[in-house]
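In what follows, a single structure is set out as structure tokens and then discussed.
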Amino acid sequence: MNTEMLSFDEFITHWAKERPDAVATQYGTAKVTYSELGNLTARIIGVFQDLGVVPGDRIAWLGKNSDMYFQMFFACGRYGVAIAPIGWRLAPAEIGYILNDTGAKLLVTGDGFDEIGAKAAVIMGQAPIMVGEDDMRSRIAARDPADFVPADPDGEVLQLYTSGTTGNPKGAVLCNRNLFSLRKPQEDANMPWGFFDEDETILCCMPCSHIGGTGLSVNSVSAGIRAIILPEFVPDAVLDAIDDGVTRLFIVPAALQMLIQHPRAKNTDFSRVKYVFYGAAPMPLDLLREALTTMPGAGFAQVYGMTETTGTVSLLPPEDHDPAGNKRMRSAGKAVPGVQIAIMDGDMNEVSRGEIGEIAIRGPSNMPGYWNLPEATASTINGDGWLCTGDAAYMDEDGYVYIQDRIKDMIISGGENVYPAEVESAVYGHPDIAEVAVIGVPDDKWGEAVKAVCVAKPGCTIDAASVIEFTRERVAGFKVPKTVDVIEALPRNPTGKILRRQLREPYWVGRDRQV
């Protein structure tokens, strides 16, 4: 389908006519066809209207993956309302901050999240209307399809929160155009992964609060194929979905390892899996070999991107994957069709090939900006449209990008973004700690693990278990330090800034890159 469609309304209307009986979403035993999806999303828009939600507003979802979330997301895309899915593992204070920042008129809570949603809403100055998932389903079933003016390609439809080095999350605003703009360039360039057979199925099992979770559903809608939705990544459920015909999935390496080492994997038929896209952390060569043996017919492709670029902007294709290992497998691939990647110096001048600088991205999938943060937007996207990623890398003569380190201090553990400043703020209140620096250290399972390096107050002794438990009460579990080191003093530069790289170096000796 080589046509220029750039909005949810266009795609859903198209597939409701062209493939009305094809399954759009499958959640457990609940299946919704594209014809039903057109009607269902119009009824969801009617519920929005009944609750006073109008185009340009924000709503929020708190819960695990659900067909309810994705159908609301599609309705928002048609109507021009931005939905903010909130990570279900966040603490009430973190959830409250996001709700307050969005100014959400409506919060829909997934099954089991009513109580924490209510706690988080208390933190807000003005709480949103709160509706539980079952109540929302009842309202939708009782509502007639609404009349509405479809959102155009620049309608803001998704707001994903990505933490910053200051510790406060920032809302990356994405519009219809961002979500769909790279589909046609991939087709025009005859990229094999840009084409879908009618009987294909995409698996949505990564958290919907991440672009790698919500983004997969955009691919299914644009291709008019089935999306199997799982509440979360559980190896047994993923293997069941593969038995049910999944052909494409995105997965982080830590989850892939759990999947292929599951006892059932040996007896699972992976022959229908065409592509396994992985990212958020490097793929260890031994794990790749094991995955290729387990799924011999699948093409493995590493993807690199960020929330602010609507996900994938560079890709290492299957043909560059070699079980014996090769230089290119240490790269993040090269720019996908429709995207420009450059390596820039501090003055935003492109550096020579082979020279390390900051990865910058320019293309139609770049976000318009951060929600209500014009200064942060201006410091991230320059006047020429280049988005600064904060990742240090070099590019070879063939355009392959080799990430070396992070200019910013973000830690990626099991595909989750963790920012040191946020964790340090939580640790700092511990009664025995005078100073703390949080770093990422290598972890065979999660890619990186969070480590707190602490300095004790005079006369005090730091107990690691106490620090971990203290932090667990204040931030989400994946942000809690796995280990605690105690040192005499933190290394600092002349201006007093902590030298995190110096702290990290001993743990990364012998590694190709320090991420």
Side-chain angles (χ1 to χ4, degrees), residues 163 165 167 252-258 278-288 302 304 325 329-332 356 358-359 389-394 402-428 430 432-456 462-472 475-493 496-515:
S163 295
T165 53
V252 299
L256 178 64
Q257 183 174 17
M258 287 186 269
Y278 67 92
M283 172 80 80
L285 186 56
D286 287 342
L287 176 57
L288 176 67
Q302 181 181 172
Y304 166 79
M329 283 176 56
R330 295 201 300 270
S331 79
I356 294 175
E358 182 174 5
I359 301 174
T389 65
D391 288 325
Y394 71 88
Y402 294 77
I403 300 173
Q404 301 300 296
D405 205 340
R406 274 185 281 279
I407 293 172
K408 299 173 184 176
D409 295 315
M410 186 175 73
I411 300 162
I412 302 180
S413 182
E416 295 280 6
N417 295 347
V418 180
Y419 282 84
E422 188 177 12
V423 183
E424 288 164 359
S425 178
V427 174
Y428 190 76
H430 189 283
D432 298 326
I433 291 176
E435 292 184 300
V436 59
V438 169
I439 59 173
V441 297
D443 186 278
D444 290 337
K445 183 175 183 179
W446 303 112
E448 286 183 279
V450 180
K451 176 184 282 292
V453 182
C454 304
V455 176
I462 295 174
D463 174 68
S466 170
V467 174
I468 291 169
E469 190 57 36
F470 181 87
T471 312
R472 193 180 304 280
V475 294
F478 64 86
K479 301 176 185 179
V480 175
K482 300 294 184 291
T483 55
V484 177
D485 287 357
V486 180
I487 60 176
E488 291 292 323
L490 295 177
R492 297 179 182 274
N493 69 9
K497 184 178 180 181
I498 296 171
L499 299 174
R500 295 183 201 278
R501 183 163 189 161
Q502 187 173 320
L503 283 173
R504 287 200 308 261
E505 279 176 353
Y507 302 98
W508 291 91
V509 171
R511 304 269 173 161
D512 287 331
R513 47 185 178 176
Q514 295 200 10
V515 293

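Please read these numbers as outputs of a predicted model, since none were measured by experiment.
E435 pairs by the side-chain hydrogen bond (donor to acceptor under 3.5 Å, both in side chains) definition with R492, not counting sequence neighbours. Checked against salt bridge (Lys or Arg N to Asp or Glu O under 4.0 Å), D444 has no partners two or more places apart in sequence or in another chain.
One finds no salt bridge joining E424 and K479 here, because no Lys/Arg side-chain nitrogen approaches an Asp/Glu carboxylate oxygen to under 4.0 Å.
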Test log, rule side-chain contact (heavy atoms from CB on, under 4.5 Å), inputs I433 and V455
CA-CA 6 Å; I433 291 176; V455 176; over 6 Å; no

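The main-chain N or O of V441 is never found under 3.5 Å from a side-chain atom of R504 such that the two would form a donor-acceptor pair. In this structure a side-chain-to-backbone donor-acceptor pair under 3.5 Å is present from E358 to G390. A donor-acceptor pair is defined here as one N or O able to donate and one able to accept, closer than 3.5 Å; no such pair exists between the side chain of W446 and the backbone of I412.
Between H430 and F470, the ring-plane angle classifies as perpendicular under the 30° and 60° cut-offs.
At least one side-chain heavy atom of V423 sits under 4.5 Å from a side-chain heavy atom of V418. Side-chain contact between V450 and V438 is present, with heavy atoms from C-beta onward closer than 4.5 Å.
A distance of 5.0 Å separates CD1 in I403 from OH in Y304, rounded to the nearest 0.5 Å. How far CD of E448 is from CG of D443: 9.5 Å, rounded to the nearest 0.5 Å. Rounded to the nearest 0.5 angstrom, I439 CD1 and T483 OG1 are separated by 8.0 Å. Note: L287 CG to K445 NZ = 12.5 Å, rounded to the nearest 0.5 Å. Residue E416 holds its CD atom at 4.0 Å from CZ of F478, rounded to the nearest 0.5 Å.
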Would you give me the side-chain donor-acceptor pairs under 3.5 Å for residues 484-491, sequence neighbours excluded?
residue, atom, partner, partner atom, Å
D485, OD1, K451, NZ, 3.2
D485, OD2, K451, NZ, 3.3
D485, OD2, Y507, OH, 2.3

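Taking all atoms of both residues into account, the shortest heavy-atom contact from A426 to T471 is CB-CG2, 4.0 Å. Contact between G414 and V252 at its shortest, heavy atoms only, is O-CG2, 3.8 Å. Residue I468 comes nearest to P481 through the heavy atom pair CG1-O, 3.5 Å, listed as atom of the first residue, atom of the second, then distance. Counting all heavy atoms, side chain and backbone alike, Q302 lies closest to A332 at OE1-CA, 4.1 Å. Scanning both residues, W508 and G440, for their nearest heavy atoms gives NE1-O, 3.0 Å.
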